[in-house]
Amino acid sequence: MNIAISNDKFYIYDGAKLERIKEFNKDLDCAIKNITKKERLLKAKSMIMINGKDNTVVATYPIIRAQHYYPLSILDFAYAIKNVVCNKIPSLPILSLDSHDYNFCDFNCKDCLAVDTRNWAKDNLGFTNIAPEEYEKVLYKIAQYSKKRGCDSIRFEMSGEGNPDMYPHRSRIMKYAKEVCNMQLVYISSGSLLTEQLIDDLAKYADYVRISLPGVTEVAYDIYSNQKCDKERRFTLQKALKNIEKIIERRKFYGREGTLIVGARTCMRPESDGGYLETAKKLKEIGADSFQVVQILVPEGSNYRDYPISESCKKELIDLNENKIGLMHIQTPSNLDYVYYDRGIEKENRPSECFSSMVAPILYGPHLVVCTHWEKIKNLQFHYGKIDDNVKEIEDIMQNERAEHLRKDIPYNCSSCCSIFDNQIMSSIKAQLLLVKNPEEIEFLLTY
Ligand code: SF4
Ligand code: SF4
């Protein structure tokens, strides 16, 4: 028996037909009611589209990357698309905003993707960081834009374009985004310069804190973070885990265990072999929720096939994926053949529309840009525009003729895509909604 859950309804699910649970058996009732938000969203195995009138399953989406959307879920994106198809809203809201707000970093990671765009932004936009007054105005306008389109709580990700711990107004911006704009905060950093104050504010305001680990052995951490300071002063894997532990302790203090996800992410490195399971165990011991291992983007001019994964590493990652350690969420690469991967997409695999550019544009300083791909950041043609006092509302730059024209050209002009999976799933949701007789009857559920 499978369970399917929407925000307010529970179903028993047998693959094709749903049976609404009216009377719970006591144990099930208790289990479902006690489930926390993060369990409900992170443990979902798939999403189904159903006809809410007769409870038949219309389509199944077997892979959902829950942590990608958290603290929102794929359901929010699906319902936003439904609202457009049913003409309830004129266009999609911005549901997720990834902000690159600070251009300096204490690390010098090998294959850092931000170095090039940082330099470009400094020379071409005069941008290195954003004044807090200006930042607040930008966030407010974006929140208003989405509110008009049915989303009153945007996912707001702060990942810097350097180390976000270093931005001096971080606490002020988090408080403003949460309390004035009702945003849900995601914070991604190495954690190397977290102060006690910042740790406290993260535990209070954030919904997801993910610490990036340049390696999961001390050797790999040191090589790939490539810190220029003396060895004694360098940040280490152990110090990173200590900071994760501190956030978890503060989370407990604020009683936020059910909503704040704390986790870590690392890119695969040959020198990290033997450290993945060990790190996962340590994360579990200190009370973290998630651990993601991802492949690295292939270096320019190289072929990912030149970097096969060793047999021992493959075994370690398969073991990790079985999650006997018991973390709430584990992610390992789906394809365990190569350490690197290539984002290149063949013409026939390109999605018909770039949904990401509408629901998840990025904020690069005060500029709204279609996506995080470095070619897009470094080309003003792919910027919707600068959000300053000349822009009264986000409509002025997101819904004008130029923006329409720009969106028509993408993704046909994109030979590689950073959001290919999201775009494909959203294209498929829209296509299904257009195919059914009455899209108003459609509902979306997460399955377990
Ligand atoms: S921590 Fe991030 S921004 Fe800083 S050097 Fe490393 S990859 Fe680049
Ligand atoms: S690279 Fe992908 S996300 Fe970026 S504009 Fe092109 S299709 Fe959209």
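Atoms within each ligand, like the ligands themselves, are counted from 1 in listed order. Predicted model only: the values in this text are computed from it and were never measured. Hydrogens, waters and symmetry mates play no part in the numbers below; they use all other heavy atoms, side chains included.
Residue Arg118 places a heavy atom less than 4.0 Å from ligand 1. Every heavy atom of Ser190 sits 4.0 Å or more from the atoms of ligand 1.
Within 6.0 Å of NE2 in His169 there are more than 12 heavy atoms belonging to other residues, nucleotides or ligands.
No side-chain donor-acceptor contact under 3.5 Å links Tyr384 and Asn400.
The nearest protein atom to atom 8 (Fe) of ligand 1, hydrogens excluded, is given as Cys112 SG, 2.3 Å; this is a heavy-atom distance. At the shortest separation from atom 1 (S) of ligand 1 among protein heavy atoms lies Cys105 SG, 3.6 Å.
Proximity annotation for atom 4 (Fe) of ligand 2: of Cys414, Cys371, Pro361, Cys371 comes nearest, heavy atoms only. In the candidate list Pro164, Cys109, Ala114, Pro214, Cys109 is nearest to atom 5 (S) of ligand 1, counting heavy atoms.
The Pro411 neighbourhood of ligand 2 comprises atoms 7 (S), with distances under 4.0 Å to a heavy atom of that residue.
Between Tyr187 and Tyr208, the gap from one ring centroid to the other reaches at least 6.0 Å.
Between His367 and His383, the ring-plane angle classifies as perpendicular under the 30° and 60° cut-offs.
Under a cutoff of 6.0 Å and an axis angle of 45°, Lys37 and Tyr70 form a cation-pi pair.
Here Cys417 has heavy atoms under 4.0 Å from ligand 2 in both its backbone and its side chain.
Residues Leu97 and Pro361 share a closest heavy-atom pair of CD1-O, 3.7 Å.
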